[in-house]
Structure formats: structure tokens, C-alpha cells
Amino acid sequence: MSSSTTAPPIITSDLVLLDVAVDGDKQAVIERMAGALGAAGRANDTDGLVGAAMAREQQSATGLPGGIAIPHCRSPYVDTPTIGFARLSPAVDFGAPDGPADLAFLIAAPDSGGQEHMKLLSSLARALVRKDFVESLRNASSADEVVSLVDAVVNPAPAAPATAPAAAAAAPAAPAEKPATKTLIAITACPTGIAHTYMAADALAAAAKEAGVTMVVETQGSSGSTPVPAETIAKADAVIFATDVGVKDRGRFAGKPVIASGVKRAINEPAKMVAEAVAAADDPNAPRVEGSAATASAGSAPGGNVGWGTRTRQILLTGVSYMIPFVAAGGLLIALGFLFAGYEIANKPEGETQSLGNIIALNNSLTNLPSGGFAQYLGAILFSLGGLAFSFLIPALAGYIAFAIADRPGLAPGFTAGALAGFVGGGFIGGIVGGVIAGFAALWISNIKVPQWFRGLMPVVITPLGASLVVGLIMFFLVGRPLALINTGLTNWLSSMSGTSAILLGVILGLMMCFDLGGPVNKAAYAFATAGLAASTTASIQIMAAVMAAGMVPPLAMALATTVRPGLFSEPERENGRAAWLLGASFISEGAIPFAAADPLRVIPSMMFGGAITGALSMAFGATSRAPHGGIFVLFAIDNKLGFVIALLAGTVAAAIAVIAAKQFLKPSAAKAERELVAA
């Protein structure tokens with residue numbers, strides 16, 4: 001137990017509440033337990049801790065069969081891994097399928113908790129599937145006895161080696177295990193990866209052992225993940241995906257019979273899932289993991305019980321996330337080119353098909369400098385490099401949308417579809433449509449049953465060729481011209497915007513940028529702006545300026561609020577506020593996420609209020625940006641700098657005032673009522 005000398009014990013008697021009556025619902029229980037953590041000096045902001053735990057509850061209930069609840073979270077409001085315990089009388093409903101819980105654990109881990117800390121917490125979750133442990137907790141007569149029981153499972157003492165005679169004497173008493181008839185692989189994962197991930201793993205493993213089935217479990221949780229070896233996957237008869245999030249490297253299991261569900265079902269019905277997997281192994285018509293067995297991806301389409309709405313969003317976000325590095329690199333290189341050589345390098349001289357920058361880069365050298373000297377030559381090279389990187393924008397978008405659907409076989413047809421979208425004038429919309437068509441075409445071809453000797457050709461020849469042909473013919477014959485008309489109409493509409501319509505668009509973009517701080521809505525607004533940046537029309541560069549300015553508001557506003565009214569924020573929030581100055585100045589909206597995650601109902605609306613003001617003012621002032629990223633560090637690429645700065649400052653101050661007012665006047669009791677309304 002040497003670890004106890006270097007860090008506080010994970011549970012102490014003052015964190016144990018025995019036979020307490022709580023007047024209210026599960027939030028009241030969590031508040032009572034968080035209060036105990038605060039009184040013991042384990043939480044520096046009990047309201048923040050309650051908010052983090054309730055946010056986790058809204059993702060999925062933490063009630064378990066057998067009268068147990070394990071509300072848990074990672075939070076900046078605790079500095080060391082801590083477990084609080086409450087034995088409730090009467091029991092309180094935590095959403096378990098068999099009724100309310102009389103045993104509740106509040107598992108609080110710091111945001112910076114390492115793998116060893118997470119392993120301690122997962123040990124408790126695994127012990128809760130043992131009936132003897134649970135009954136011991138119910139029968140414990142003192143807080144110290146509970147502490148001893150919990151400490152024994154989170155800090156187990158090394159087992160003493162048995163002597164040879166004792167081991168021999170014990171051997172005959174061991175029950176004979178049933179012979180293994182099937183080999184299964186299970187993947188378990190929950191949103192936070194602290195408890196349900198490991199409970200599901202142990203429940204499935206125990207059920208498999210009882211059924212005489214060999215099972216290998218891969219837990220994709222916070223304490224790390226050790227991938228199942230490829231040879232084990234090859235021998236497996238079926239796989240179980242018990243996940244609430246996407247399965248990492250899902251393509252490894254392509255072609256295997258699969259039973260998929262949320263992580264809670266694996267805890268509630270492990271034996272049934274094992275039986276279903278065994279049956280699927282012998283059923284030639286059973287559902288199988290999509291994709292090619294010869295491929296595996298680092299990020300693949302979600303598994304488990306993820307619906308098509310979520311899956312569609314994740315597919316599109318995959319394309320956008322892979323596109324953004326091309327946008328950032330290309331856009332900033334172009335902006336640097338303008339800095340050194342001036343905006344005229346983007347113009348095409350009369351009678352020329354290429355821009356002045358490309359002409360200079362191709363026809364000049366260090367020994368043959370252009371009339372503008374070395375600065376113009378360097379600027380032309382940077383501009384040309386940026387243009388080349390930017391040319392991958394739509395192909396990368398389409399390629400990685402297809403990749404998210406069909407894994408690696410979708411890449412070639414997806415990139416082809418993106419290039420084709422640019423060729424026919426379909427633009428950003430064409431890239432999305434082409435990527436989806438290419439992905440599903442590749443997925444369909446990959447799943448065609450062919451002889452084993454032919455399968456090696458599928459991912460490298462047949463699938464890319466066939467899917468590229470399918471998407472090419474569809475784009476040319478059916479959807480290319482309509483998409484081009486839509487894209488042209490959208491471009492013309494944006495270019496014609498002025499007055500009220502432009503301001504309204506600025507409001508909408510500002511709201512989107514501040515709604516989820518780097519999430520799908522934020523990314524949709526950003527992708528919309530950057531996709532039009534290549535056209536370099538007045539409307540497109542005004543949109544880019546409005547989007548960038550609005551995206552800077554949330555971290556800057558929270559930094560300002562924590563500076564002006566530090567008493568309204570915890571010490572970790574004040575630390576985050578100091579860092580948020582630079583993040584906001586750099587246009588990194590994610591700098592406000594710690595604040596929004598801890599108090600979404602007061603922070604997010606305040607940020608959206610400020611973002612809408614900034615977006616509207618930026619469009620009204622006609623500020624423009626030829627750089628897609630960089631914040632104040634690319635002011636050289638922004639025209640009407642004064643208007644841009646005024647819009648940014650106005651939105652930042654408005655958002656800071658709004659969040660301070662919400663923190664000041666919307667007290668915890670009111671916030672509690674709001675959380676209850678959301679939970680309902």
C-alpha cells in the first residue's frame with residue numbers, strides 16, 4: 001500500500017454515508033455525496049462537481065441491476081481520485097431496469113487523472129458484479145468496514161503463493177470447467193471509460209466462462225486499451241460490441257458475425273448476449289461487421305446501438321476534420337503570400353490562364369528575381385504552395401467521408417469523387433454528395449462474396465476501380481449539373497448579400513460558432529466559410545471574417561469574466577481563464593469547453609449571445625479575412641481591421657457581461673431546477 005503514503009486514500013470514513021434518507025431524486029443523492037466530498041476537502045466546488053456528474057447522467061443512466069448506482073465523472077473540481085459511498089434508505093431511482101438503488105458510489109476523477117488512477121476506479125466497478133461484495137456492503141455495520149471492503153478491491157494485496165502440498169490438496173476441489181466450444185471477442189466502451197466499460201467486460205467474461213465459451217475482452221476505456229492480437233481475431237467465431245461510442249479500429253473485425261448493443265445491456269444481460277453471439281457464429285445469415293477483412297482503420301464508423309442520425313453526423317464530421325488541416329495550411333500559406341507580395345499576385349494578367357503568383361513562381365528563381373525582388377518571389381512561392389494545398393480541400397472532404405463509411409477501400413473513390421465535384425463545378429456540396437456515394441459504393445462492393453483466392457484483389461483493385469466508376473458515372477450523368485447549379489446559385493446569392501440579409505447571416509454564423517465550441521454545428525459553420533474562401537469573392541471573405549471573429553468570442557469572454565469577477569469562478573476555472581486569453585486570440589474556440597462542460601445552461605447561451613453580436617457587426621462593417629485561421633495573428637490578411645476588432649470586442653464584452661449576470665443572479669437553486677427540467 002505504498003501508494004497511500006504518496007497520495008490520499010481513495011476512500012475514507014468521512015466519505016461514507018450509512019442508511020441516509022434523501023428527500024428527492026438522484027440529483028439530490030449526488031448533491032449529498034458531493035457535499036461530503038467537499039466537507040472532506042476532496043472537492044473545491046461541489047456545485048461544479050454535481051454539474052459534471054449530472055451531465056454524465058444525461059448521457060446514460062448509471063443505475064445497475066441489483067440496487068446499485070455508480071454516478072461518476074471526470075472533473076476539474078477534484079484533485080485526486082475519490083470515491084464517495086451512500087447506503088440509501090429508502091432507495092432512489094437511478095434508471096436501473098429492475099428498480100431503485102440502495103447502494104450508491106460517487107466516483108470522481110480529476111481531469112488530469114492518469115491511467116493508474118483510472119485502473120483503481122475500474123477495480124471498484126468490476127467488484128460490483130460480485131454478489132458477495134455487494135452483500136457485504138449492505139451488511140456493513142460501520143463506515144470503517146465499508147472503507148476496508150472498498151480498499152480491498154481498489155488496492156488488492158498481493159496473493160501469497162501457495163505451498164505445493166496445499167495447492168495439490170486444493171486442486172481436486174476446483175470445479176471442472178466446461179469445455180470451450182466457441183471463441184468470442186468482446187469490445188466494451190462507454191462515454192467516459194471509467195466504470196461501465198469495465199463492468200460490462202467482467203460481466204461478459206463471467207457469462208462466457210459459465211457458458212463454456214472462450215472470450216477475449218478489449219476494454220476501450222480511460223485506463224488504456226490493449227488491442228486484441230490479429231491472430232486472436234482471426235480465430236474468433238464472433239464478436240460482441242458493447243459500446244455507447246464508436247469502436248476503435250472496427251475494421252479489424254470485418255466479416256465476423258457481430259452482436260451489437262449499448263454497454264448497459266452487457267451489464268444487464270451478459271449471458272443472453274453471449275448466447276446470441278454463439279448462435280450468430282453458426283448462422284450464415286447473421287449480421288457481420290462491415291468492411292474488408294484486409295483493412296483496418298484508425299477511426300471508423302460507430303458501432304453498438306448508435307443510430308443513423310448520429311452515424312451520419314460522425315461520417316460528415318470525419319470528412320470535415322480531415323479537411324481542416326488542408327484548409328489551415330493552404331489558407332495560411334496564401335495569406336503569407338499576400339503579406340510578402342501583395343494581393344495582386346492572385347490576379348490573372350490579361351491573356352494568361354494562371355495567376356501572377358503562379359507565373360512568378362514557375363518562371364523566376366533566386367538568380368532571376370522578379371521586378372518586386374526577393375519578397376515578391378517568396379510571396380509568389382508561398383501563394384502557389386497554399387493554392388496547391390487548398391486544391392485538396394474538396395477531395396479530402398469527399399475522400400474521408402467515404403473513408404468513414406467504407407474504411408480504406410473508400411479513400412480512392414472518395415478522393416476521385418471530390419476531384420470530380422470540383423471538375424463539374426459542384427463545389428463543397430458536390431464533395432459531400434460525392435463522398436457519400438463513393439463510400440456506400442465501396443462498402444457495397446467490399447461486401448460482395450467472392451472466392452477466397454480473389455479477396456486479396458478486392459481492397460486494392462476491384463473496390464477502388466468499381467466504386468470510382470460508379471460514383472463517376474452517377475456524378476457525370478445524374479447529379480453533376482444539378483449540384484453545379486446549386487453551388488453557382490449559392491455563390492451568387494452570397495455575393496449579392498448586402499444590408500440586412502448580410503447582417504442576418506452574420507447572426508446565424510455567430511450563433512453556430514458558439515453553440516458547441518468545436519462540435520458539429522461549429523464545424524459546419526467553419527466548413528461553410530472555408531469552402532467559399534477559395535473563390536475569394538467579397539461575400540466569401542466577409543463570411544470568413546465573421547466566422548473567425550465569432551469563434552474567438554467564447555474563450556476571450558470567459559477569460560474576461562474570470563478576470564473581472566474571479567469570485568464567481570473556482571480556482572481551476574480561473575486557471576483556465578488565464579490560458580483562454582491566448583486560445584481566444586488564436587481562434588481556438590475549444591478554450592471555452594471547460595466552462596461550458598461544467599455549467600452549460602449558463603455559459604453556452606451567454607457565448608451565443610456574444611457570438612451573434614460579433615457576427616452581425618463584422619458583416620455590417622464589411623470586415624474581410626483571406627486567412628482561414630490564426631485570429632489576431634493574421635491581422636495582416638484582414639481588411640477593415642478596425643471594424644473586425646470592434647466587432648470582436650463588442651461580442652466579447654457582451655458575452656462576458658451575460659455570463660457574469662447568469663452566474664450572479666441565476667443561483668444554484670435555480671440552476672438545479674433548470675437541470676431537472678433538462679433531465680425530465
Side-chain angles (χ1 to χ4, degrees), residues 290-291 300-301 307-324 326-327 390-448 459 461-496 520-521 523-537 539-540 543:
E290 297 173 347
S300 52
W308 270 106
T310 300
R311 180 167 183 172
T312 300
R313 185 182 74 247
Q314 293 185 355
I315 286 170
L316 294 177
L317 279 181
T318 299
V320 172
S321 65
Y322 279 103
M323 176 192 78
I324 285 176
F326 291 96
V327 174
F390 230 77
S391 67
F392 286 99
L393 190 156
I394 296 176
L397 172 68
Y400 285 102
I401 285 175
F403 168 74
I405 297 170
D407 293 331
R408 289 178 185 168
L411 277 174
F415 270 84
T416 301
L420 183 55
F423 181 71
V424 301
F428 177 63
I429 298 173
I432 294 175
V433 174
V436 170
I437 295 173
F440 281 106
L443 183 62
W444 172 67
I445 295 172
S446 296
N447 288 331
I448 295 176
V461 178
I462 305 302
T463 299
L465 173 62
S468 297
L469 183 61
V470 168
V471 71
L473 294 177
I474 291 176
M475 292 285 285
F476 267 118
F477 292 156
L478 298 177
V479 301
R481 290 185 182 277
L483 289 175
L485 290 174
I486 292 173
N487 189 62
T488 301
L490 179 62
T491 302
N492 292 338
W493 173 67
L494 292 175
S495 299
S496 66
V521 177
K523 287 292 188 292
Y526 182 69
F528 172 67
T530 55
L533 195 59
S536 198
T537 64
S540 66
I543 289 170

inquiry  = Is any side-chain heavy atom of L420 closer than 4.5 Å to one of V471?
reply    =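 V471 does not reach L420 side chain to side chain.
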What pair of heavy atoms forms the shortest contact from [X] to [Y], and how long is it?
X    : Y    : value
A417 : G434 : CB-O, 3.5 Å
A467 : I445 : N-CD1, 3.4 Å
G431 : A421 : N-CB, 3.6 Å
A442 : T463 : O-CG2, 3.6 Å
A419 : P395 : N-CG, 3.8 Å
T416 : S468 : OG1-OG, 3.9 Å

message = If you apply the rule side-chain contact (heavy atoms from CB on, under 4.5 Å), what do you find for I432 with L397, and how did you get there?
response = CA-CA 7 Å; I432 294 175; L397 172 68; 3.9 Å; yes
message = I'd like to know whether Y400 forms a ring-ring contact (aromatic ring centres under 6.0 Å, His included) with F415, so could you lay out the CA-CA distance, the side-chain angles of the two residues, the decisive distance to 0.1 Å, and finally the verdict.
response = CA-CA 8 Å; Y400 285 102; F415 270 84; 5.8 Å; yes
Point-to-point distance, once rounded to the nearest 0.5 Å, from CD1 of I437 to CG of L478 =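 It is 8.5 Å, given to the nearest 0.5 Å.
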